[in-house]
Engineer: 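Sharing a structure, written as structure tokens. Questions coming.
Order of listing sets the numbers, starting from 1, for every ligand and every atom in it. Values reported hereafter were calculated over all heavy atoms of this structure, with side chains retained and with hydrogens, waters and symmetry mates removed.
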Amino acid sequence: MGTVEILSRQVRGSDMGDIKGFLKVERQTAKCRPVCVRIKDFGEVGVIPKAAHSQEQASRCMDCGTPFCHWGCPIGNYIPEWNDMVFRGRWVEAFRLLTATNNFPEITGRICPAPCEYSCVLGINDDAVTIRENELAIIERAFKEGIVKPNPVKRRTGKKVAVVGSGPAGLAAADQLNQAGHKIVVFEKDDKIGGILRYGIPDFKLEKWILDRRLKILEKEGIEFITAINVGRDYPISKLRNQFDAVCLTCGSRQPRDLTIEGRNLSGIHFAMDYLVQANRRAAGEHTAIDNLIDAKGKKVVVIGAGDTGADCIGVAHRQGASCVAQIEIMPKPAACRSGEYAWPRYPLILKTSTSHEEGGTREWSVLAKKFIGENGQVKKIACARVKLEKDAGGCPLMRELPGTGFEIEADLAILALGFLCPERKGLIEKLKVQLDSRGNVKADENHMTSVQGIFAAGDMRRGQSLIVWAIAEGRGAAYNIDKYLMGVSNLPAF
Ligand SMILES: Cc1cc2nc3c(=O)[nH]c(=O)nc-3n(C[C@H](O)[C@H](O)[C@H](O)COP(=O)(O)OP(=O)(O)OC[C@H]3O[C@@H](n4cnc5c(N)ncnc54)[C@H](O)[C@@H]3O)c2cc1C
Ligand code: SF4
């Protein structure tokens, strides 16, 4: 039995937490910087909670017996156990428990949408425990106290694994496989490591030094990072197969959904990721060609699509000095709280107000964008109509345009944040000839192996566009199966 399991059993064997903590303490989330201040820069919006605050909040975890939060967390974090350690001020043990299941808690602790909290038993008739913030408090304290240190691997297996793609799935797989003793090379086509963590998620959600701090540790532990190499184009597949004993594909799912309506070819209409990548590069002081510049300064910005990516675009547009920002969405406004359709402990589809929404702008639902209207080749307005979600004879969802509801929105910058379809097929996927599933993602069996022997897949590339915590879970799962494939057995956790 490992140290962490012993620690976890010890905790569960004792009286956990303050048994009446949830009756005495109300949920209180940590503060964010005031809107009027944070809007002027790209610095992180959230503020790390103070120790006393986290200890008090952790006392609300009530040792419910069957911790559904643990089920709700895709990596199965030992939530009640580390909440108890936080409550008792045993931060080092909390850190050990946390990092037994999560490679990058400093990232999930900041920007995980915390499905665990929607499964918290306390959430049935009260406010859930502040699980995500407690997680952040543990890991940031551990960094501050110098407990998070490189742990170079003592014995190498002589096996080599290539990880293609350096987002959270690739980094989690690399970390796990390196700890198992294999030589790991991570290939990345961008000029810096991190995937969407680096070039999608804005700094006001995740400052990039947080990523760099972790990357330094991974490098010191022996992982080799090779950037600006597009595997399949700059690095031949034959070499990949000859030089490595196994390959883990973690290339993400970046093919954006388009809006092919009249006027789509006008200038001033961009995919969200094109906008966000540039914004992140500019925030990092990287060069952006002036003729390709997408900037919201002084512009009327319309973001089409109400997901998280759209919310990130709103935050960037405000910081760039947009004159106004509107977000429109074809789907109806979600309910403010759970309905029977999303009964506890399921992750519900409910109205979410991000920190970017708090900073201004308008939001409208049940709006269909019908046509981009331009002047001199530049978008100026979007013709819209209101729609109603109905079902067709076969029960499939159907959007019915409501007659007489047409209207126009002024827009000199339109951002398409309509989600992602699948991974890019050109290059690597085509050349490797791996099979795809019905949605166009890379097909892999229950062991993460693709249709090609020795080639594994994980993260968005396999699941479709998802969450960081799912990417970590996928990377860990793939690592376990690759280790088993190479060695016959694996001591890594199965996910
Ligand atoms: C704008 C935006 C904001 C988001 N915000 C959140 C959030 O707040 N919280 C959350 O939980 N989730 C969020 N997500 C989702 C989350 O970021 C993704 O689910 C996650 O990054 C997927 O990780 P991944 O490792 O599978 O892929 P990615 O992060 O997409 O990384 C894939 C990497 O592979 C590289 N690559 C591709 N092909 C090749 C090749 N041939 N050779 C070499 N390298 C290659 C790419 O350049 C990229 O760096 C967000 C997504 C977006 C788009
Ligand atoms: S990783 Fe996400 S789901 Fe898991 S405990 Fe942390 S906040 Fe909750």
Engineer: Just heavy atoms, cut-off under 4.0 Å: does Arg254 contact ligand 1 by side chain, backbone, both, or neither?
Structural biologist: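 Side chain only.
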
Engineer: Is there a heavy atom of Gly427 sitting under 4.0 angstrom from any atom of ligand 1?
Structural biologist: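 Flag not set, Gly427 not near ligand 1.
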
Engineer: Would you say Phe143 and Ile217 make side-chain contact, with heavy atoms under 4.5 Å?
Structural biologist: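 Touching, per the 4.5 Å side-chain cut-off.
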
Engineer: Does Pro113 reach ligand 1, in the sense of a heavy atom lying below 4.0 Å from it?
Structural biologist: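 For ligand 1, residue contact (heavy atoms, under 4.0 Å) with Pro113 is present.
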
Engineer: Relative to atom 4 (Fe) of ligand 2, how many protein N, O or S atoms have a separation of less than 2.8 Å?
Structural biologist: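 For atom 4 (Fe) of ligand 2, the figure is 1.
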
Engineer: Determine the sole option in Glu140, Glu135, Glu207 for which the salt bridge (charged side-chain N to carboxylate O under 4.0 Å, His left out) test with Arg110 is passed.
Structural biologist: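 Option passing the salt bridge (charged side-chain N to carboxylate O under 4.0 Å, His left out) with Arg110: Glu140.
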
Engineer: Could you check whether any heavy atom of Tyr235 sits closer than 4.0 Å to an atom of ligand 1, since that is the contact criterion I want to use?
Structural biologist: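 Tyr235 does not count as a contact of ligand 1 under the 4.0 Å cut-off.
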
Engineer: With respect to Glu106, which candidate in Leu211, Ile139, Leu206, Ile138 satisfies the side chain to side chain contact (heavy atoms under 4.5 Å, CB included) definition?
Structural biologist: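 Testing Glu106 for a side chain to side chain contact (heavy atoms under 4.5 Å, CB included) against Leu211, Ile139, Leu206, Ile138 leaves exactly one candidate, Ile139.
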
Engineer: Any N or O on Val469 sitting closer than 3.5 Å to an N or O of ligand 1?
Structural biologist: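 It does not: no N or O of Val469 is found under 3.5 Å from an N or O of ligand 1.
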
Engineer: How are the rings of Phe42 and Phe204 set to each other: parallel, tilted or perpendicular (split at 30° and 60°)?
Structural biologist: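 Geometry flag for Phe204 against Phe42: tilted rings.
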
Engineer: Step by step, work out the salt bridge (Lys or Arg N to Asp or Glu O under 4.0 Å) result for Asp258 and Arg264.
Structural biologist: CA-CA 9 Å; Asp258 205 347; Arg264 172 65 182 88; 2.7 Å; yes

Engineer: Between Glu224 and Lys160 (salt bridge meaning N to carboxylate O under 4.0 Å), is one present in this structure?
Structural biologist: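 No, no charged N to carboxylate O under 4.0 Å.
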
Engineer: Output the list of atoms in ligand 1 that are nearer than 4.0 Å to some heavy atom of Ile111, sorted by atom number.
Structural biologist: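 Answer for ligand 1: 7 (C), 8 (O), 9 (N), 10 (C), 11 (O).
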
Engineer: Is it the case that ligand 1 has an N or O less than 3.5 angstrom from some N or O of Ile196?
Structural biologist: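 Yes, Ile196 has an N/O under 3.5 Å of an N/O on ligand 1.
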
Engineer: Can you confirm whether Lys352 is buried at NZ, in the sense that more than 12 heavy atoms of other residues, nucleotides or ligands lie under 6.0 Å from that atom?
Structural biologist: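 It does: Lys352 NZ has more than 12 such atoms within range.
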
Engineer: Going by the closest heavy atom to atom 21 (O) of ligand 1, which one wins out of Gly167, Ala162, Pro168?
Structural biologist: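 Nearest option to atom 21 (O) of ligand 1, by heavy atoms: Pro168.
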
Engineer: For Ile229, is the nearest heavy atom under 4.0 Å from an atom of ligand 1?
Structural biologist: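 Yes; Ile229 lies near enough to ligand 1 that a heavy-atom distance drops under 4.0 Å.
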
Engineer: Is the charged tip of Arg254 near the ring of Tyr199: under 6.0 Å from the six-membered ring centre and within 45° of its axis?
Structural biologist: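 No, Arg254 does not sit over the ring of Tyr199.
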
Engineer: If we set the cut-off at 4.0 Å for heavy atoms, which region of Glu424 has an atom near ligand 1: side chain, backbone, both, or neither?
Structural biologist: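 Contact part for Glu424 vs ligand 1: neither.
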
Engineer: Which bit of Leu197 gets closer than 4.0 Å to ligand 1, counting heavy atoms only: side chain, backbone, both or neither?
Structural biologist: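 Under 4.0 Å from ligand 1, Leu197 contributes no heavy atoms.
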
Engineer: Going by heavy atoms, is Val164 under 4.0 Å from ligand 1?
Structural biologist: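 Yes, Val164 has a heavy atom closer than 4.0 Å to ligand 1.
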
Engineer: For the rings on Phe187 and Phe225, is their centre-to-centre separation under 6.0 Å?
Structural biologist: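 Centroid distance Phe187-Phe225: not below 6.0 Å, so no.
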
Engineer: Does any N/O atom on Ala169 come nearer than 3.5 Å to any N/O atom on ligand 1?
Structural biologist: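 It does: an N or O of Ala169 is found under 3.5 Å from an N or O of ligand 1.
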
Engineer: Measuring centre to centre across the rings, with the benzene-like ring taken for any Trp, is Phe68 within less than 6.0 Å of Trp344?
Structural biologist: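 Yes, close enough.
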
Engineer: Closest non-hydrogen protein atom to atom 44 (N) of ligand 1, residue and atom name please, with distance?
Structural biologist: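 For atom 44 (N) of ligand 1, the nearest protein heavy atom comes out as Lys189 N, 3.1 Å.
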
Engineer: Among all residues two or more places apart in sequence or in another chain, which pass the side-chain contact (heavy atoms from CB on, under 4.5 Å) test with Ala311?
Structural biologist: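 By the side-chain contact (heavy atoms from CB on, under 4.5 Å) rule, Ala311 matches Ser354, His357.
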
Engineer: Main chain of Leu177, side chain of Asp483: is a donor-acceptor contact present, judged purely on distance under 3.5 Å?
Structural biologist: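 It does not hold such a pair.
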
Engineer: Check each of Lys205, Glu188, Glu474, Arg198 against atom 8 (O) of ligand 1 and report the one with the nearest heavy atom.
Structural biologist: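 Nearest option to atom 8 (O) of ligand 1, by heavy atoms: Lys205.
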
Engineer: For Phe420, which part has a heavy atom under 4.0 Å from ligand 1: side chain, backbone, both, or neither?
Structural biologist: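 It is the side chain that gets close, since no backbone atom is under 4.0 Å.
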
Engineer: Taking distance alone, with no angle check, do Asn230 and ligand 1 share an N/O pair under 3.5 Å?
Structural biologist: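 Yes, Asn230 has an N/O under 3.5 Å of an N/O on ligand 1.
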
Engineer: Can you find an N/O atom of Cys112 closer than 3.5 Å to an N/O atom of ligand 1?
Structural biologist: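 For ligand 1, there is no N or O atom that lies under 3.5 Å from one belonging to Cys112.
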
Engineer: Checking the side chain of Arg476 only, and the main-chain atoms of Ala471 only, is there a donor and an acceptor separated by less than 3.5 Å?
Structural biologist: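 Pair absent, no side-chain N/O of Arg476 close to backbone of Ala471.
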
Engineer: Nearest non-hydrogen contact with atom 3 (C) of ligand 1 belongs to which option: Ile193, Thr309, Asp312?
Structural biologist: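 Result: the heavy atom closest to atom 3 (C) of ligand 1 is in Asp312.
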
